[in-house]
Each structure stands twice: as structure tokens, then as C-alpha cells.
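To start, the structure itself, in C-alpha cells.
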Amino acid sequence: MDPYDVARPLLFRLPAETAHGAVHGGLELVQGTPVERLLASRYAAPDDDRLTVEAFGQRFPNPVGVAAGFDKNAAVPSALASLGFGHVEVGGVTAEPQAGNPRPRLFRLREDEALVNRMGLNNEGADAVGDRLAAAPVDVPVGVNIAKTEHVESDDAPADYRYTYEQVADGADFFVVNVSCPNSEGFRELQNRDSMAAILGELVDAGAAPLLVKLSPDLPTPAVEDALEIVDDLNLDGVVATNTTTDRPASLRSPNRAEEGGLSGKPIENDATGMVRFVAERVDVPVVGVGGVSSAEGAYRKIRAGASLVQLYTGLVYEGPSLAREINAGLLDLLDRDGFDSVADAIGADL
Ligand SMILES: Cc1cc2nc3c(=O)[nH]c(=O)nc-3n(C[C@H](O)[C@H](O)[C@H](O)COP(=O)(O)O)c2cc1C
């Protein structure tokens with residue numbers, strides 16, 4: 001029996017953010033102790049070369065990573081790796097510490113296997129996160145999701161992003177520029193062409209590499225095309241698709257669909273996969289597919305649609321700590337079924 005069958009109903013009695021704090025706190029307690037090795041012996045992903053992916057100069061032991069927002073302050077990347085994840089994207093991190101929005105700000109949509117959040121980029125700030133990353137090497141690649149400090153005007157955003165990059169540079173393996181958070185004042189206007197080019201250009205000047213940009217699923221098609229042109233012009237290293245959506249699909253049943261914020265989980269899966277395909281058809285760099293991944297089949301759909309790596313957050317809440325191992329084991333079966341030698345072989349098979 002999966003211990004999460006027991007833990008989930010208990011956790012789901014707590015407010016969502018309290019439950020997240022309990023799980024995260026538990027991971028913090030075990031990280032670096034012998035219990036972390038026990039976790040690894042139970043939850044590690046299969047150690048199999050067919051799962052290995054090379055992307056933007058990094059070697060990923062498997063394609064399944066933790067999406068930004070789960071470990072905002074880089075406190076538990078190693079514990080997450082012991083749960084079978086092949087990379088961890090920590091953050092979003094801002095130059096200055098931020099409290100985020102008032103609670104409650106994270107809501108379960110249980111009937112829909114979804115979440116709505118309006119966290120507002122709560123985090124301890126670049127100095128603290130940078131120190132923590134530099135102090136604790138992790139066995140899998142660690143990316144840092146970099147975002148704008150809330151009170152900083154968009155003209156000053158490039159310098160703000162650069163500051164964060166410089167603080168976290170030493171401890172990270174790749175950098176993701178977040179211009180797509182729906183929950184922070186003045187944030188989405190950063191996705192206009194000029195603002196995005198200025199921020200990304202500044203980071204390229206600062207030497208940030210590998211450098212990826214994370215896009216919103218709510219961007220109109222011409223704006224996505226503009227963003228991809230910038231990716232090309234600046235020779236960026238990858239695209240993460242997608243962030244949460246402010247949209248509310250008609251299919252949602254949970255009363256919490258009325259909460260303001262970004263929707264994640266099952267209901268965004270198909271649109272996120274569509275965006276992966278749209279991006280992968282237009283750029284030559286790796287695409288990281290994120291949005292509603294909660295099974296091997298879902299991960300495989302994103303890979304076939306062009307994702308070199310996938311990430312998840314909401315799936316972990318509903319499926320529990322064995323999810324990365326199950327997805328990776330399931331991927332091996334799907335590769336066998338379809339005659340692919342490796343995950344790398346299946347990337348973009350549907351394009
Ligand atoms: C509580 C919460 C906090 C998040 N914080 C961030 C963040 O700081 N930066 C970011 O780029 N994405 C953030 N995300 C978005 C996720 O990284 C991911 O793009 C989105 O949730 C879709 O994936 P999922 O359906 O697997 O959850 C957050 C998501 C959740 C649920």
C-alpha cells in the first residue's frame with residue numbers, strides 16, 4: 001500500500017498552504033540525514049540510460065523535474081532528488097525578500113485535481129537563496145527561477161533580475177526567467193516584446209547560461225511568436241512552457257474555481273501540451289513541458305509533442321511522493337511499446 005493513501009486525507013484536512021508547509025518541513029528535516037537515503041531506496045527513479053536526457057549542456061538522469069514554486073527558497077532540492085526527480089527548479093526568487101500576498105492564497109480544486117494560487121512570489125530573497133545553493137551541492141541539475149521584485153518599476157526590472165542572477169549564479173546549473181507570474185503586481189506587462197528583450201539581454205550580458213524563459217499560457221499567439229523571436233535573437237538555451245493560467249475552463253467543478261489566481265493541474269494539461277508543441281515547432285532549443293503532468297502517459301504526451309524535459313507541481317499534491325518514480329518507470333514501458341531506444345529518441349515524435 002502507498003503510504004500517501006493514508007497521508008493524503010490527513011493533509012487534505014489542512015489548509016493547502018499549511019499542508020504544503022508540513023510536507024516541505026518534513027523534507028527539510030530528513031534532507032542530509034540517513035532517512036534521505038531511505039527515501040531514495042523507496043522512491044528513486046529507475047537508474048536507466050534510456051531515461052537520460054542531455055539538454056542545454058546538462059545531463060539529466062531522467063526527464064521528470066520539480067516545477068518552480070514548490071521549493072521557493074532552495075531548502076530541499078536534494079530531498080526532492082531522492083524522490084526520483086531528475087532536476088529541480090527552485091524559486092521564484094526575487095532580489096529582495098518578499099512576504100507575498102495575504103493568506104489564504106493557495107486553494108485546492110479537489111474535484112478537478114487542480115490548484116489555484118496567488119502566492120505573489122513569497123521568498124527569502126536572492127542573497128539567502130544564493131548562499132543556500134552554494135552551500136549544498138545536489139546530485140541532479142538545479143535551476144533557479146528568477147522573478148521581479150514587486151515594487152520595482154518595469155524600467156528597472158533588468159537590473160533587478162541581474163542582481164538576483166549574480167547572487168544565485170554559483171550554485172545553479174541553469175536559469176529560468178519568469179516573466180509570466182499572474183500573481184504579482186505589474187508582472188505580466190514584462191511579457192511585452194521590449195521589456196522581455198531588455199531583461200533577457202541584460203542577463204545574457206551578465207553571462208547567464210544556460211538561460212531559459214518561462215511563458216504564460218495566456219499569451220496571445222503573436223506575443224508568443226515575439227517571445228520566440230527574442231529566444232532566437234539572443235540565442236537563449238531553452239523555453240519553459242507553461243506557467244499557470246488565469247483562465248477558468250468551463251469544465252471546472254470545484255467551488256474554489258472562483259478564487260483569484262493561477263490555475264494549475266489536470267485542467268491545464270492539454271493546453272500546456274499544445275503550447276509545448278507550438279513552441280517546439282518554432283525553436284531549435286530544448287522545451288521544458290509543464291502543466292498538468294500527473295502520469296507517465298501525460299509526461300510522454302509532452303515529450304512526443306517536443307518537450308526534452310517535463311516538470312510538475314500540482315501532480316505531486318494529488319499523487320504523492322512516488323509520482324516521479326512511477327512516471328519514469330511508466331516511460332520505460334511506453335518507450336518499449338512504441339519501439340523507441342530512449343526518451344531522447346521520442347522527443348518531438350509527434351511533430
Ligand atoms: C503554489 C504554486 C506556486 C508557484 N510558484 C511559481 C513561481 O514562483 N515561479 C514560476 O515560474 N512558477 C510558479 N508556479 C507554476 C508552476 O511552476 C507550474 O508552471 C504550474 O503550476 C503548472 O504545472 P503543474 O500543473 O504541474 O502544477 C507555481 C505553482 C504553484 C501551484
Side-chain angles (χ1 to χ4, degrees), residues 15-21 23-24 64-74 80 85 87-94 98 100-101 103-109 112-125 129 143-150 161 164 175-184 187-188 190-191 212-218 239-247 249 256 259 261-273 275-276 287-295 298-299 302 307 309-319 323-324 327:
E17 189 169 351
T18 310
H20 177 76
V23 169
H24 194 273
V64 185
V66 182
F70 188 91
D71 188 19
K72 287 193 178 268
N73 297 305
L80 289 167
F85 288 99
H87 73 277
V88 182
E89 185 178 324
V90 302
V93 184
T94 54
Q98 298 193 149
N101 291 322
R103 297 187 194 202
R105 52 193 180 176
L106 176 60
F107 305 89
R108 292 184 202 95
L109 283 66
D112 307 298
E113 291 182 46
L115 297 172
V116 164
N117 90 83
R118 51 170 183 269
M119 304 301 287
L121 290 167
N122 54 306
N123 78 101
E124 292 172 9
V129 174
V144 180
N145 182 280
I146 303 180
K148 183 181 77 65
T149 309
E150 183 146 22
Y161 277 83
T164 299
F175 306 92
V176 180
V177 176
N178 178 7
V179 281
S180 50
C181 173
N183 305 308
S184 189
F187 212 92
R188 280 186 294 169
L190 299 178
Q191 287 186 114
L212 292 77
V213 64
K214 182 166 179 178
L215 300 178
S216 162
D218 302 335
V239 177
V240 183
T242 69
N243 214 313
T244 57
T245 177
T246 54
D247 232 36
N256 278 341
E259 292 293 342
L263 176 72
S264 58
K266 271 274 171 61
I268 74 166
E269 182 185 355
N270 287 342
D271 284 354
T273 306
M275 182 118 167
V276 166
V287 180
V288 180
V290 47
V293 173
S294 64
S295 65
K302 280 197 172 46
L309 301 166
V310 299
Q311 296 181 334
L312 58 91
Y313 181 153
T314 307
L316 203 47
V317 172
Y318 288 94
E319 305 297 331
L323 184 56
I327 291 178

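Indexing begins at 1, ligand by ligand and atom by atom, following the structure's order.
For a heavy-atom separation below 4.0 Å, the residues in contact with ligand 1 are A67, A68, G69, K72, G91, G92, L106, L115, N117, M119, L121, N145, N178, K214, T242, N243, T244, S264, G265, I268, V290, G291, G292, L312, Y313, T314.
H24 and F70 have tilted rings, their planes meeting at an angle from 30° to 60° on a 0 to 90° scale.
Checking E89 against Q311 by side-chain atom types alone, a donor-acceptor pair falls below 3.5 Å.
Under a 3.5 Å cut-off, the side chain of N123 and the backbone N or O of T94 do form a donor-acceptor pair. When atom types are taken as modelled, the side chain of N256 and the backbone of R108 share a donor-acceptor pair closer than 3.5 angstrom.
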I'd like a table of donor-acceptor pairs (distance under 3.5 Å, sequence neighbours excluded) in which one partner is a side-chain atom from residues 261-269, with atom names and distances.
{"unit_1": "S264", "atom_1": "OG", "unit_2": "T314", "atom_2": "OG1", "d": "2.7"}
{"unit_1": "K266", "atom_1": "NZ", "unit_2": "E113", "atom_2": "OE1", "d": "3.2"}
{"unit_1": "E269", "atom_1": "OE2", "unit_2": "R301", "atom_2": "NH2", "d": "2.9"}

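Between R118 and F107, the closest side-chain pair of non-hydrogen atoms falls below 4.5 Å.
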